[in-house]
> 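Mind having a look at this structure? Questions to follow.
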Amino acid sequence: MHTTTTQPLKTGLIAEWTAARRQRRAEDEPDVKRTPLQKLFIYLGVIVLIAVFIGPFILVILNSLKSEVESSVLSFDPPKEWLFSNYATVFESGNAGQALMNGFIVATSVALLTIMCSASAAFVIARRDNRFTRWSYKYLLVGMIAPFAFIPAIRLLQQLHLYDTHVGLILTDVAGQIPFTTLLFVGFIKAIPQEVDEAAIIDGCSPWRLFWQIIFPNLRPVVATNIVLLFTFGWNEFQNVLFLVPSSDKWTMPMTILQFRNAYSYNYALVCANLVVSLIPVVIVYLLMQRRIIGGMMVGSTKG
Amino acid sequence: MASPSRTTIRNSYPLYFLAPALVIFTIFFIGPAIVGMQLSFTDATVRSMNPKWVGWDNYIKLFTATGGNIWNAIGNTLIYAVLVSVVKTSLGIAIALFLYMKFKGRNALRALIYMPIMFSAVVIGILFNYILKPDGPLNAFLKLIGLGFLQQNWLGSFDIALYSVVGVDSWVYVGWTVVIVLAALGGVPKDCLESADMDGAGPIRKFFLIRLPLIWGSVTIAFLLTIISGMKVFDLIYTTTGGGPGYSTQVISTFIAKSLGSGLLGFASAASVLQFVFISIISMIIQGLISWKARD
Amino acid sequence: MKYSTIAAALTTAALLLSAGCSSTPAGTASTGGKTIVYAIASSQAKYGGLPEKIAAWEAKTGNKIKLEPIADNYESVVSARLAGGSGVDIFAGAYDKFDPEATMLEIDPAPFKSRLTSASLETLTFTNGKVYAYPKPDPMYTFGVFYNQDVFTAAGITTPPKTLAEMDAAMAKIKAAGKTPMYMAGKDGWTLLQHRNAVYYTLTQEDPKVWDKLNNNTIKFTDLKNFTTQYDAMADWAKKGYINSDFLTATYEGSEKAITDGDAAMFIQGSWVLGEMAKMKPEAKIGFFPLPTQSGNSQIGVSAQGGGNHIAKTSKVAKEAADFLQYLIQPAQVTSFMETLPGIPAFNDAPLPNNAPTALKTVTEYIEKKQSTEDGDNRYRVPAPDQDQIALYQEMLAGRITAADFSAKFTDACIKNGAAQGLPGF
C-alpha cells in the first residue's frame with residue numbers, strides 16, 4: 001500500500017527530467033568556512049543519523065547469529081557463538097527457497113508487464129491528443145487516488161478462476177501500478193521531440209517499430225528506475241498476497257516471513273535470520289541502482 | 001523533405017496500444033470496485049451462495065451496529081494521516097537542510113536515509129515489534145542514557161500505540177520528503193542567497209526569509225501527498241499493532257480487513273465503498289489544492 | 001527489436017512459469033490416481049505426524065493428497081473456495097463458521113458411531129440432527145483454568161476454587177505470595193477467546209434451552225446472569241491487579257512458560273496446552289479446574305478438534321476423500337495421534353495413555369462423570385465476531401470500558417453478525 005507514497009511524488013514534477021539535466025542550478029550549498037564548533041555539530045548530526053538508520057539493521061544481523069536464549073534479550077552485544085546454522089534452518093523449515101522463487105517470478109512479471117503496458121499506453125497518450133486519449137489518461141489516473149477494493153477482488157478473481165493463483169496476483173499488482181507508471185512515461189515521452197517520430201514515419205516505420213525501436217530506447221533511464229521500483233514493489237507487496245493468495249506454497253517473501261514469525265515467535269534469532277535473507281536481494285538492488293533511484297527522483301522533483 | 005500527412009501521423013499512434021493497460025486496469029482495479037458496490041447492497045457472506053438485495057442496510061449498520069467503531073476508525077485514520085505528514089515534513093526539512101551542507105559522506109548518508117523505503121512493511125513491522133518491546137532495545141537505551149522515566153510500552157499502550165506507529169512510519173518514509181526538499185533546495189537560485197549574505201542575515205533568518213518561501217511549494221505538495229498515502233495506510237498498522245490494543249490503532253483499512261475476518265462480504269464491501277468515497281473526496285480536494293498551488 | 005523481444009520473452013516465460021506453478025486444478029488425475037485438496041489450518045499441518053500418515057495412505061491407494069496449509073482467516077478462505085465451487089475437497093471447522101447444509105456432504109456415521117465416545121458424537125451432530133463430519137483422529141479438548149499446583153500450595157490454597165468468591169480469595173492469596181494470579185496473553189488475541197469459550201460452558205446451567213434461545217435471538221447475552229457475572233469478575237481481577245500488567249504484549253508461549261516456571265499461577269486455555277507444557281517442562285505440576293461460577297456448580301463441555309473433517313459438497317473426488325478420512329480414524333492412527341499429543345479421548349478404543357499429564361485425567365474424569373454440558377462454541381449458530389471480541393477483551397482488561405459496556409458491545413456484535421448472516425429472528 002505504501003508504495004503509493006513514492007508514486008505521487010513525481011506527479012506534477014516529472015517532465016522536467018531532460019530540461020533539468022541541461023540546466024545547472026545552485027544544486028549545492030555555496031562554499032562556506034566552518035568554525036570547529038560547527039564542524040562538531042555536523043559530526044554529531046552524522047552520528048545520530050547513522051545510529052538511527054543503521055542501528056536497527058545491525059541489531060537484526062547480530063541477533064540473527066545468536067542462539068535462541070541469547071537472542072531473547074535483543075541486545076547489541078556480539079554473539080557469544082556465531083551460529084550461521086540459523087540461516088540453514090530458515091531455508092529448511094521456513095520455505096525461504098520457495099518464497100524467493102515465487103517472489104522472483106511475481107516481481108519480475110509485475111515489473112515487465114507493467115512497463116510494457118504503461119509505456120505503450122503512454123506513447124499514444126503523449127503523442128495523440130484527442131478526446132479518447134485524454135479521457136483514458138484521466139481514467140487511469142483515478143487509480144492513483146482510489147484505494148484498492150481488496151475484499152470484492154476476492155469475489156472477482158474467483159469468478160475469473162484466478163483466485164489463489166500467481167497470474168491473478170500479478171495482474172492485480174500490475175493493474176494497481178499501471179496508473180503511476182503510465183504517468184511517468186507520459187512525461188518522459190513528451191520530452192522527446194516529435195520530429196524524431198516524423199523522420200521515422202517518413203522512412204516508413206510501422207507504429208510497432210516506431211515505438212519499440214525509436215522511442216523505447218530513449219526511455220532507458222526511466223525504464224531502469226521503474227524496473228527497480230516495480231520489482232521492489234512486487235517483492236515487498238503484502239496486502240494482495242494476504243487476501244488473494246491463501247495457499248502458502250504460492251506466497252512471496254513477506255507472507256512467509258509473517259508465518260515464520262508466528263511459528264517461531266519465541267525464537268528471535270531465527271526470525272532475524274529470515275529478515276536478513278529477505279532483505280539481501282533488495283539491498284543489493286538498491287546499492288547497485290541507488291544513484292539512479294534517488295537521482296531520478298531528485299531531478300524529477302526539482303520543479304515542484 | 002515533405003512532412004508526412006496528418007493521417008499517416010495519426011495512424012502511427014494506434015489506439016490499440018492503449019488496450020492492454022486499459023483492459024488490465026479496468027478488470028483488476030475498477031472491476032473490484034464495481035463488484036464491491038454491488039456486494040455492498042447485498043447480504044453476501046463468504047458462506048452464502050445466493051446473496052439477497054438488502055438496499056442500504058449495510059451502510060446503516062456501518063454507522064449504527066458497530067458501536068461507533070467506524071467513527072473511531074475514521075478518526076484514527078485522519079489523526080494518523082495528519083500526524084504522519086506533520087512529522088515527516090518537519091523532520092524531512094530539518095534533515096534535508098542538514099544534508100544540504102557540504103561534508104564528507106553526505107551522499108552516502110542521503111542514500112542511507114532513503115533505504116528503508118525499499119523494504120517490505122512486514123520486515124519493518126517485525127523489526128519494530130522487537131525494538132519497541134517493553135523489554136526491548138529502545139527502552140534499554142533510554143534507561144542507559146538516564147532517561148528511564150521515558151520508558152513506554154510503545155506498541156502495547158492504548159494511549160501511545162498510534163503515535164508509536166506514526167513514529168515507525170516516519171522513520172521509514174521520511175527519506176522521501178528529504179529527497180523532495182533537497183531537490184527544492186538545489187533549485188534555490190544562488191544570487192538570492194548571496195544577496196542575503198551581503199545583508200548580513202544570520203542562518204536562521206536566512207532560512208525563514210529566503211529559503212523557506214522558495215521551497216514552500218515543494219513542501220506543501222510533499223505534505224499533502226503524505227496525507228493521501230497516510231489515509232490508505234494498511235500494512236504498517238497490520239504488522240505492528242494489528243489495529244490494537246483494543247481499537248486504539250484501528251484505521252479504516254484494518255476495520256475492513258477485520259470485517260472480512262467474520263466473513264461478512266456485504267458489510268465489508270460497504271466499508272470498502274465508504275473508504276473509497278472518503279479518500280477520493282479528500283484526495284480530490286488535495287489534488288485541487290496542489291494544482292491550484294502549482295498554477296501560482 | 002532486441003529490447004522488446006527480450007522483454008516479451010521474459011514476461012511470457014515468467015507468466016508461464018507462474019501458471020505452471022499455480023494452476024494444478026483440483027481433482028484432475030495426476031499419477032494415475034485422484035488428487036484431493038485438503039485445506040488445513042497451517043498450525044495443524046504437521047500435527048501428530050499427519051504428513052507421514054498421508055504418505056502411507058497415498059502409497060496404499062495411488063491417490064494423492066494435496067495438503068494446503070492456510071494461515072490467516074482459515075474459514076473465510078475455505079468458504080471463498082466453497083462458494084467458487086473448486087479448490088477444496090476436505091476441510092475442517094466448527095459448524096457455525098460454515099453453512100453445513102449447503103456446503104458439506106452428509107455423512108453416514110454408522111461405520112464409526114459405535115467407536116466414538118458420546119461427547120464426541122455429540123459434537124459431530126449439527127443442530128438439525130444430521131452428521132456432516134468425520135471425527136478427527138486427534139483427541140478432543142475442553143476449556144477451563146489450568147494452574148501450577150506448586151504455586152497454589154505455596155500460597156496456601158488446598159482445593160481449587162469453585163465459586164467466583166473462592167476464586168477471588170485464592171487470587172488475593174497468590175498475589176500476597178508475590179506471584180501473578182492470572183496470566184493473560186493479549187498479544188495473541190485468540191488466547192483471550194478461550195475465556196469466552198469457557199464462559200459459554202457455564203450458560204446452560206442457567207437455562208438448558210439457552211443456546212436455542214440465543215440462536216433465534218429471543219434471549220441476549222446481557223440477559224444471562226452467568227454471562228455478566230463472569231465479566232464483572234474479570235474486570236474486578238484487572239482492577240485489583242490480579243492479572244499480569246503486560247497482558248497486552250504477553251504472548252501465548254509466554255503464558256505457557258509463566259505457568260510452567262511458576263511465575264504465574266493460572267491461565268484460561270484449551271486443554272491442548274497440557275501436552276505442550278509437559279514437553280516444555282515435564283516436572284511442572286499442572287492442574288485443571290472448570291471456570292468457577294457464581295453458584296459453584298461447575299460444568300465443562302468438550303469440543304472435537306475444530307468440529308471434525310468435512311467433505312465439500314462440490315468435491316469431484318468425494319469417494320476418495322471419504323476413504324482417506326476413514327483411513328485416518330483407524331485405531332492405529334488414532335492411537336498414534338494420542339501418543340504424540342495426548343488429549344481427551346474421542347474414541348473408545350484409544351484411551352488416555354498411562355503417562356498422560358495428570359490434569360488430563362482430571363479433565364477426562366469430568367467428561368466421564370457426565371458433568372459436561374453441550375459445547376457452547378459448537379452450539380452457537382451466529383458466526384463469532386472474533387476480532388471484535390478480542391478488542392473488547394483488551395479494552396476491558398485495560399479498564400477503558402466497564403464490564404457492563406463489554407457485555408453490551410459483545411451482544412451487539414453477535415446480533416450484527418446474526419443479522420448479516422440472515423438468521424431468522426435477528
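No hydrogens, no waters, no symmetry mates; every other heavy atom, side chains included, goes into these values. Given the structure is predicted, the values throughout are model-derived calculations rather than measurements. Chain A is the first sequence line, chain B the second, and so forth, proteins listed ahead of strands; every chain is numbered from 1.
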> Tell me, yes or no, whether the heavy-atom count around A/Y43 atom OH, taken from other residues, nucleotides or ligands under 6.0 Å, exceeds 12.
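Result for OH/A/Y43: open.
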> Quick check for you: to the nearest 0.5 Å, what is the distance between A/I42 atom CD1 and B/F98 atom CZ?
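So the gap between those two atoms works out to 6.0 Å.
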> With only heavy atoms counted, which part of B/I113 is less than 4.5 Å from chain A, the side chain, the backbone, both or neither?
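Interface part for B/I113: both.
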> Measuring from B/I131:CD1 to A/L74:CG, what's the distance to the nearest 0.5 Å?
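B/I131 atom CD1 to A/L74 atom CG measures 8.5 Å (nearest 0.5 Å).
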> What's the verdict on side chain to side chain contact (heavy atoms under 4.5 Å, CB included) for B/K133 and A/Y268, showing C-alpha distance, side-chain angles and the deciding distance?
CA-CA 12 Å; B/K133 278 196 318 166; A/Y268 296 135; 3.2 Å; yes
> At a heavy-atom distance under 4.5 Å, which candidate from B/N129, B/L39, B/L112 has the highest pair count against chain A?
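Heavy-atom pair counts peak at B/L112.
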> So what's closer than 4.5 Å to chain B heavy atoms on A/S278: side chain, backbone, both or neither?
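Interface part for A/S278: side chain.
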> Based on non-hydrogen pairs under 4.5 Å, which of B/S269, B/P20, B/A33, B/P14 is most in contact with chain A?
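Between B/S269, B/P20, B/A33, B/P14, the count favours B/P14.
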> B/G36 and A/P152: which non-hydrogen atoms are nearest, and at how many Å?
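Residues B/G36 and A/P152, closest heavy atoms: CA-CG, 3.2 Å.
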> Search all heavy atoms of A/P179 against all heavy atoms of B/F25 and return the closest pair with its distance.
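Heavy atoms of A/P179 and B/F25 come nearest at CG-CE1, 3.5 Å.
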> Which atoms of A/I257 come close to chain B, meaning under 4.5 Å heavy atom to heavy atom: side chain ones, backbone ones, both, or neither?
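Both parts, heavy atoms under 4.5 Å.
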> Quick one: what part of B/I30 sits under 4.5 Å from any heavy atom of chain A, side chain, backbone, both or neither?
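Looking at B/I30, just its side chain touches chain A.
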> Quick check for you: to the nearest 0.5 Å, what is the distance between B/I117 atom CD1 and A/L229 atom CG?
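So the gap between those two atoms works out to 10.0 Å.
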> Sub-3.5 Å donor-acceptor pair from the side chain of B/Y13 to the main-chain atoms of A/D129, do we have one?
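Absent.
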> Of the non-hydrogen atoms in B/A21 and A/L140, which two are nearest, and what is the gap between them?
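Scanning both residues, the minimum pair turns out to be O-CD2, 4.4 Å.
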> Check each atom of A/F53 against the heavy atoms of chain B and say whether the ones under 4.5 Å are side chain, backbone, both or neither.
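Interface part for A/F53: both.
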> Is chain A contacted by the side chain of B/V122, its backbone, both, or neither, given a heavy-atom distance below 4.5 Å?
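It is the side chain, since no backbone atom gets that close.
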> Below 4.5 Å, heavy-atom pairs only: which of B/V273, B/V172, B/I126 has the largest tally toward chain A?
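Top count of heavy-atom pairs under 4.5 Å with chain A: B/I126.
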> Where on B/V174 is there a heavy atom nearer than 4.5 Å to chain A: the side chain, the backbone, both, or neither?
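Answer is side chain: those atoms of B/V174 sit under 4.5 Å from chain A.
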> Drop me the distance from A/L244's CG to B/F28's CZ, to the nearest 0.5 angstrom.
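Going from CG on A/L244 over to CZ on B/F28, the span is 10.5 Å.
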> Name the member of B/P137, B/S272, B/S40, B/S280 that forms the most heavy-atom pairs with chain A at distances under 4.5 Å.
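Between B/P137, B/S272, B/S40, B/S280, the count favours B/P137.
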> Measuring heavy-atom distances to chain B, does A/L59 have an atom under 4.5 Å in its side chain, in its backbone, in both, or in neither?
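Just its side chain gets close to chain B.
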> Please state whether the side chain, the backbone, both or neither of A/Q159 comes within less than 4.5 Å of a heavy atom of chain B.
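For A/Q159, neither part sits under 4.5 Å from chain B.
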> Could you pull out the closest heavy-atom pair between B/S12 and A/F123, with the gap in Å?
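Smallest interatomic distance, heavy atoms only, reads O-CE2, 4.0 Å.
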> Looking only at heavy atoms and a cut-off of under 4.5 Å, which of A/V52, A/T182, A/N63 has the most pairs with chain B?
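Option with the top pair count is A/V52.
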> Need one label for A/I178: side chain, backbone, both or neither, based on atoms under 4.5 Å from any heavy atom in chain B.
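The side chain, not the backbone.
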> Side chain, backbone, both or neither: which part of B/A140 has a non-hydrogen atom closer than 4.5 Å to chain A?
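Neither part.
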> Checking A/V285 against chain B: side chain, backbone, both or neither under 4.5 Å from a heavy atom?
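Nothing of A/V285, per the 4.5 Å heavy-atom cut-off to chain B.
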> Starting at OH of A/Y139, measure out to CG of B/L18 and round the result to the nearest 0.5 Å.
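Reported value, rounded in 0.5 Å steps: 12.0 Å.
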> What is the ring orientation for B/F234 with A/F238, classed by angle as parallel under 30°, tilted 30 to 60°, or perpendicular over 60°?
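B/F234 and A/F238: parallel rings.
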> Rounded to the nearest 0.5 Å, what separates atom CD1 in B/I27 from atom CG in A/L171?
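So the gap between those two atoms works out to 8.5 Å.
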> Pick from A/A119, A/S206, A/P56, A/G168: which one has the most heavy-atom pairs with chain B under 4.5 Å?
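The candidate making the most pairs under 4.5 Å is A/P56.
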> If you compare all heavy atoms of B/K232 against all heavy atoms of A/P147, which two are closest, and at what distance to 0.1 Å?
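For B/K232 versus A/P147, the nearest heavy atoms are CD-CA, 4.3 Å.
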> Please check this pair: side chain of A/W235 against backbone of B/M118, looking for a donor-acceptor N/O pair closer than 3.5 Å.
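Between the backbone of B/M118 and the side chain of A/W235 there is no qualifying donor-acceptor contact (under 3.5 Å).
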> What orientation do A/F57 and B/W171 show, parallel under 30°, tilted 30 to 60°, or perpendicular over 60°?
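Because their plane-to-plane angle lies in the 30° to 60° range, the rings of A/F57 and B/W171 count as tilted.
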> Counting only heavy atoms not in A/F41, do more than 12 fall under 6.0 Å of its CZ?
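No.
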> Counting only non-hydrogen atoms closer than 4.5 Å, does B/I24 touch chain A with its backbone (N, CA, C, O), its side chain (CB onward), both, or neither?
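Contact with chain A: backbone and side chain both.
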> Tabulate below the donor-acceptor pairs under 3.5 Å that side-chain atoms of residues 44-51 of chain A make, not counting sequence neighbours, or state none.
none

> If you take all heavy atoms of B/P32 and A/F148, which pair is closest and at what distance?
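Shortest heavy-atom contact: CG-CE1, 3.9 Å.
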> Side chain, backbone, both or neither: which part of B/F103 has a heavy atom under 4.5 Å from chain A?
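Contact with chain A: side chain only.
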> Who among A/T181, A/V283, A/D197, A/T133 has the most heavy-atom pairs with chain B under 4.5 Å?
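The option with the most such pairs is A/D197.
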